[in-house]
Amino acid sequence: MQGRVQLYQRSHINTDEIIPARYLNVHDKAALARHAMEDIDPGFVDRVQAGDFIVAEEDFGCGSSREHAVWALQGAGVQAVLADSFARIFYRNAINNGFYPIEIAGISTRVGQGDELNIDLAKGRVINMTKDEVYDFPPFTSFIQAVIDAGGLLSYLGKQKSGAGISDGT
Amino acid sequence: MGMTLTEKILADHYAGGSIQPGDLIQVGIDLIMCHEVTTPPAIQMLLEHGLSGVFDPDRVVVTPDHFVPNKDIKSAELVRELREWVTANGIKNYYELGRHGICHALLPEQGHILPGQTVVGGDSHTCTYGAFGTFATGIGSTDLAAALYSGELWFKVPESIKVNLTGKLPPGVYSKDIVLELIRRIGVDGARYQALEYHGETLEELSMEARMTITNMAIEAGAKCAIMEADDLTSAYLDGRAKGGDWTVHRADQDARYAQELTIKVDDLEPLVAFPSLPANGREIASLTSEEKESVDQVYIGSCTNGRIEDLRIAASIMKGHQVAAGVRAIIVPSTSTTWKQAHDEGLLAIFHEAGCAISTPTCGACLGGHMGVLGEGEVCVSTTNRNFTGRMGHPSSRVYLASPATAAATALRGCITDPREYLQEER
């Protein structure tokens, strides 16, 4: 995965900010994408390009359980979010959609707006092409990787035929 | 090694035997809550994956609540999709407009929530049900689809934080102030991925309604769930109401392990307001300067946090015989159809009407900036809801302060942020 950084140097970016509830009367990714980050960053939709990464501080995606937040970012072309930490429902929703929530402590202080990143998920490595730096992160647990590899939770479930249990005890 | 209350319930619903925090386990689900915003995407996903059908229609409870009565054409289509799915799958527990309610008030009121259950819902405030000694957590649409299809869901067993509530609430201080105090102390991610387990003598004096206000806002500290041990009051509440027969009361072991333990002496608490734009920004109203006691355009009393009958009684007791200040719009939203009727029968709606309030049918409505009280540019609202994020109730420049129903009612009368004890003293 390669793309540019859209940087937010703040914590607790919540799902109301990612996609305001007034747009939750639809769940089409393209329609939601038109309003992504609208209330905190009205320029985001015009600025974002397919393949970009969002970088933020702590607790990204807190608040409402709306999966629409993941869909709005996916619809806008965002490939992954890199943050110090994620709120738990957003984290689940991301994995369930094959959208990568990558936890790296202090990431928002190490990258700049527009930096070009290359991410190797298998190795757990981010290469900042602009700054010529490398940041490591722990690879996903085998269960989460299996869900992602299956193409999301429902595809995984389809393969497991009503859930044959989880192999990973981490 | 002893287990926490959350661990007890999860272990009871896990086929694999013993568990400990951090384990990834497949958990059997007793009950699933569905509403019109997050369920239609789940229905569509199941269709797309060829996974039709619901594992057990009797374990699903459905109500449209967020944008009802339908706020626009698209919302009407969402509710229709929900209704058609309910019919097609033989789901009997469907609460149509007129019998509907805000999901987290409705399900307990109708006796669907029982101690010892595992409950998931496509809504982050599903954690409310923990007031019954129930493991309950909010999920997104994909997890919802998986749970509806299989009756199971994977969870990471959370660590627990033990919260001891000691002492007796002073006059003018309510359970909303307790939870605002907790979130102020630990922050909006202070319990991230963890369970908040409440204990202490204060709980004995809190009604089920008041307890639900506390568990409701667990997600505002990032928690997976909040939980309280079921007691005599829980049984009394469920008596004649419980659907589904027997329940299991679990207790935390004496030697259970907690990630953290903290105590809130509620005798020391004062009425709080959480300043924009985080629920953790609580401050004592008594400590505010006159400039900080901002004038308000709107007061909103309702939501899954504070729209229950006890909340309406408290607000009405303050508003009785008074008038809402000029220039203030006061909106009362009873949380369920039954609560609306009860408030009517008790004369509360008349008090609100005479004070100059608007009274709405149950809806999540303006709590999340949907409809029925959306804020305009730069407007200020004191609200009994749970979130005051940027743009939560309307325009991104609008400002929301979170408070108890008493504080909201006093604020409506004075027209600026007001300590409810000013009105309680008046009564004496």
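Residue numbers begin at 1 in each chain, while the letters A, B, ... track the order of the sequences.
Of the possible polar contacts, none joining the A:Ser65 side chain to the B:Gly140 backbone as a donor-acceptor pair under 3.5 Å is found. No donor-acceptor pair under 3.5 Å is formed between the side chain of A:Glu17 and the backbone N or O of B:Phe389. B:Arg192 places a side-chain N or O within donor-acceptor distance of the main-chain N or O of A:Phe86, the cut-off being under 3.5 Å.
Heavy-atom distances place no part of B:Pro279 under 4.5 Å from chain A, backbone and side chain included. Looking at A:Ser11, there are no atoms closer than 4.5 Å to chain B (heavy atoms on both sides), in backbone or side chain. For chain B, no part of A:Thr15 is nearby; none of its heavy atoms comes within less than 4.5 Å. Within the 4.5 angstrom heavy-atom criterion, only side-chain atoms of B:Asp72, from C-beta onward, approach chain A. The part of A:Ile89 that comes within reach of chain B is its side chain, from C-beta onward, which places non-hydrogen atoms under 4.5 angstrom from that chain. Within the 4.5 angstrom heavy-atom criterion, only side-chain atoms of B:Leu278, from C-beta onward, approach chain A. The contact between B:Phe67 and chain A is made entirely by side chain atoms (from C-beta outward), counting heavy-atom distances below 4.5 Å. Only the side chain of B:Ile219 comes within less than 4.5 Å of a heavy atom in chain A; its backbone stays farther off. With a 4.5 Å cut-off on non-hydrogen atoms, B:Glu77 does not touch chain A at all. Contacts of A:Asn93 with chain B are made by side-chain atoms alone, with heavy-atom separations under 4.5 Å and no backbone atom involved.
Note on A:Glu38, A:Arg92, A:His12: by heavy-atom pairs under 4.5 Å with chain B, the leading option is A:Arg92.
Residues A:Arg88 and B:Thr137 bring a donor and an acceptor atom of their side chains to less than 3.5 Å of each other.
Of the candidates B:Val37, B:Leu78, B:Thr38, A:Leu24 forms a side-chain contact (heavy atoms from CB on, under 4.5 Å) with just one, namely B:Val37.
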